[in-house]
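Note sheet for the following structure.
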Amino acid sequence: MEANLKIDLSALNDQQKGAVISEDKRLLVLAGAGSGKTKTLLQKLIYLIEEKGVSPSSILAITFTKNATNEMIDRLIISADESGEYEKQFFDKRKSFADKDRERYYQQKKYTWIEGLTVKTFHSFCYSVLRNYGVNEFDNKFKIIDDTKREEEDELSKNVAPETVFEVFHKLLIEECEDMEYLLNLKRYILDYIIDKIHLKQNDPKFLSKDGKYFTTLDGTNVRSKSEQFISDWFYRHSIKYEYEPLLNIKDFSFTPDFYIPEADLYIEHISDKSFSMKDKEEQFQKGNLLLVKTFEAMTKDSALFNHTLDKIVKNRLPADYHKTISINFKEEFNGHHEDVKDFVQQIMRITNMIKVENINVDTVLQNARNDQHERVRNFYELAIPIVKKYIHYCTNKSYLDFNDLISRSTSLFQNHSDIANKYKSKYQYILVDEFQDVNNLQVELIKLLLTDDTQLFCVGDDWQSIYGFRGSNVSYIVEFENHFANAKTIKLNLNYRSTQNIVGASNEVIKHNKFKVDKDVQASKKSEHKIVVFAGNTEDENIQFCFDKVREVLKDGISNDEILFLYRRSKMFIPYFYRFKKEIVRIQGKTIHASKGLEAKVVFIIGLTEGNGGFPDIWLEDRIFQVIKKANHDLLMEEERRMFYVAITRAKDKLFLITKKGNESSFLKEIPEAFTVRTTNTIKQVVDKVILCDSCYSQLEKLHKFCPYCGQQVTEQLK
């Protein structure tokens, strides 16, 4: 991390200098990993103030995270602080975050040009817009509603709603369940698709239970078919007591009719194409003079007809004074299944977020879902959309805004109130956006509304490091920058200052396999004799032992714990490593690749590089439920996985270890040419015993024989 960011253009390479002094109105700085993009953005900002005489108040710098904002301000303070004291505090690991926050606040006030800048996250910027000028769009005394209780101190945390997003959704779901029909339909959905997962079982015989009963009714009875489930649920909805498959012996043999309704003294047999012949059973019913009614599979194709049929069959045979009712409530109906309800609520939260990011009308989503070929998807949206609508209404009524609302409401404010939009357009003549590869639809729309023909837009990012598609970011905005912003120019930063030539060369070769990208010829400024080590253990224990031994080696070589980083696709991959290192009292950094963005370390281990489910790449074609809002593309998902591998590789400064398993190596490893790697493994023991043969007569000999007992030839050992 560079400490001195004073305006010294001689410290920049030609591409960095070109970006800093550029007068282009729409400029994308396409920066390879480790190429100094943050340094370039900050030098641009300082250059505008120091050399061009731009007023700090006319500069807006947008970041994605509060940490990135703090780091940008820290570097600006370091560049201004000639004493060097702030830099010492910045790197002092003994200082708490709170201490650093206080010192940052004090230093910002000290340097008026830094205080005059607007350096904010997208959300923080929109927060201030709506607080100050959003009264015509929304209640400007609004509170922020988040998925979790906010702990970090910033301006957004000062006005947090007293309830979380989940708490509101859960409360609204319980309210909706006061309607008995909704409650039972929700229970039906959760039993079928979250607990029993019948959409999987029907297509996979291995899921069948031994007795073939894998449909659960509303009262918890296990039955054999969806039709029998429908009949049982009808009884439950109408408070009619029934027995399922009671054992009956009338005269000649025992058998189990499908249903018996005691109050009506009535038996029901449901006939499907899989049913056995009813002839013998019907004879038994006649002999016993018992009432039997048959229902047929064809009836189930029309639920209204089936309801009417059951109504006619059963209700007319109940006693005239039969009026048994049951009390139905949310708590009792979902007793033992509240975790499953939680899963359902989280799915609704996810689609609500997607609907907002993709800016789709809620009713359009419901209409699309109703046309889906799968009953599960149709049923989900019939249950979910009323809750989504309730949530939107509830938040408006309570003056709550979530993070997507902050951006969409600000966008709406600028679109509907030109006086407010013009105020911001005239105020900010220079807009700098960091990590542009992570922008989503809402954020780009907001940026466009702040631009005039005279505004300078300076965006920095790397399409090769776009890894947040699952959160709604759209890599096309950086790949096709010149299509989204007219008369745009692109400058490529292609000199990597972080990693050695083997690491940079390997990362270049991997990313070449992606089609949707901007080509860059990234070169390394560092030379090293170290090649990338690929280790393929026979077992997970061998991989852990190898990593443990290597960590001890580099620690002995003087590398500190903070300079060793373990990376993985999913958190569970690191668990056995964590416990082994904890047991041996070795302390290493472990992070998911998503969490490692922006980090670097001298020594990096990437673990879990196996093929298939749970490995890396790990293509997760999400539930079809989400495809209703945004279609998934397998090839694009694979490209994002490869970009994650690229991000992981390029965190390493000096040494890189890639950990896989023998016989199940990740396909990504095959994309790295052997010239950049040293491949190693533990040898497999020979399974064939050593056999000694006579050179002359080829008879099998014992180890102690010096001469062949069959032909007298002197023995020389050989393995066959």
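One-based numbering along the sequence shown. Given the structure is predicted, the values throughout are model-derived calculations rather than measurements.
Between D562 and K602, none of the side-chain N atoms (NZ, or NE/NH1/NH2) sits under 4.0 Å from a carboxylate O, so this pair counts as no salt bridge. Using a 4.0 Å cut-off between charged nitrogen and carboxylate oxygen, K597 and D438 count as a salt-bridge pair. Looking at R552 and E584, no side-chain N of the basic residue comes within less than 4.0 Å of a carboxylate O on the acidic one, giving no salt bridge. Between D372 and R624 a salt bridge is recorded (basic side-chain N to carboxylate O distance below 4.0 Å). A salt bridge does not link R378 with E375: every distance from a Lys NZ or Arg NE/NH1/NH2 to an Asp or Glu carboxylate oxygen is 4.0 Å or more. Under a 4.0 Å N-O distance rule, the pair D462/K37 does not qualify as a salt bridge. A salt bridge between K512 and D519 is absent, with no side-chain N of the basic residue lying under 4.0 Å from a carboxylate O of the acidic one. Note on K661 versus E665: no salt bridge recorded, every NZ/NE/NH1/NH2 to OD/OE distance being 4.0 Å or above. The pair E640-R643 meets the salt-bridge criterion, since a charged nitrogen lies less than 4.0 angstrom from a carboxylate oxygen.
In this structure, K517 is not positioned above the aromatic face of W464 in the sense of NZ or CZ being under 6.0 Å from the six-membered ring centre and within 45° of the axis.
The only option from V533, I559, D557 that meets the side-chain contact (heavy atoms from CB on, under 4.5 Å) definition with K655 turns out to be D557. Evaluated for a ring pair (Phe, Tyr, Trp, His ring centres under 6.0 Å) with F535, the options F657, F546, F548, F605 yield exactly one hit, F546.
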**Message:** Applying side chain to side chain contact (heavy atoms under 4.5 Å, CB included) to R498 and K526, what does each step give before you reach the verdict?
**Reply:** CA-CA 7 Å; R498 176 189 300 150; K526 284 169 63 175; 5.9 Å; no
**From CA spacing to verdict: side chain to side chain contact (heavy atoms under 4.5 Å, CB included), I619, H634** = CA-CA 8 Å; I619 299 292; H634 182 276; 3.6 Å; yes
**Request:** Could you give me the CA-CA distance, side-chain angles and deciding distance for T680 and V534, then say whether side chain to side chain contact (heavy atoms under 4.5 Å, CB included) is met?
**Result:** CA-CA 6 Å; T680 181; V534 180; over 6 Å; no
**Request:** Assess whether side chain to side chain contact (heavy atoms under 4.5 Å, CB included) is satisfied between H337 and K187, documenting all intermediate values.
**Result:** CA-CA 9 Å; H337 299 310; K187 187 174 182 182; 5.6 Å; no
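For K100, the NZ atom counts as densely surrounded, since its 6.0 Å shell holds more than 12 non-hydrogen atoms of other residues, nucleotides or ligands. Atom CG of N613 is surrounded by 12 or fewer heavy atoms from other residues, nucleotides or ligands within 6.0 Å. By the neighbour-count criterion of 12 heavy atoms within 6.0 Å, atom OH of Y579 is sparsely surrounded, having that number or fewer from other residues, nucleotides or ligands. Applying the 6.0 Å contact sphere to NZ of K670 captures more than 12 heavy atoms from other residues, nucleotides or ligands.
Proximity of the aromatic rings of F566 and F574 is defined here by a centroid distance below 6.0 angstrom, and this criterion is met.
Judged purely by atom type and a 3.5 angstrom limit, S466 has no side-chain atom pairing as donor or acceptor with the backbone of D463. Within the 3.5 Å criterion, the main-chain N or O of A601 finds no donor-acceptor partner in the side chain of E563. At distances below 3.5 Å, not a single donor-acceptor pair connects side-chain atoms of D654 with backbone N or O atoms of V603.
Relative orientation of the F380 and Y189 rings is tilted, given thresholds of 30° and 60° on the angle between their planes. Using a 30° and 60° split on the angle between ring planes, F334 and F330 fall in the tilted class, from 30° to 60°. Taking the six-membered ring where tryptophan is involved, the planes of F668 and F645 are essentially parallel, since the angle between them stays under 30° and well short of 60°.
Taking every heavy atom of both residues into account, I532 and N502 meet most closely at CD1-O, 3.7 Å. Taking each heavy atom of S667 and E611 in turn, the nearest pair found is N-OE1, 2.7 Å. The minimum heavy-atom distance linking Y381 with L366 is given by the pair O-CD1, 3.7 Å. In this structure, L637 and A632 approach most closely via the heavy-atom pair CD1-CB, 4.3 Å.
Residues meeting the side chain to side chain contact (heavy atoms under 4.5 Å, CB included) test with P386, sequence neighbours left out: E176. For the side chain to side chain donor-acceptor pair (under 3.5 Å) test, no residue two or more places apart in sequence or in another chain qualifies with N70.
Between F166 and D147 there is no side-chain heavy-atom pair separated by less than 4.5 Å. Contact check for D402 versus D146: no side-chain heavy atoms found under the 4.5 Å cut-off.
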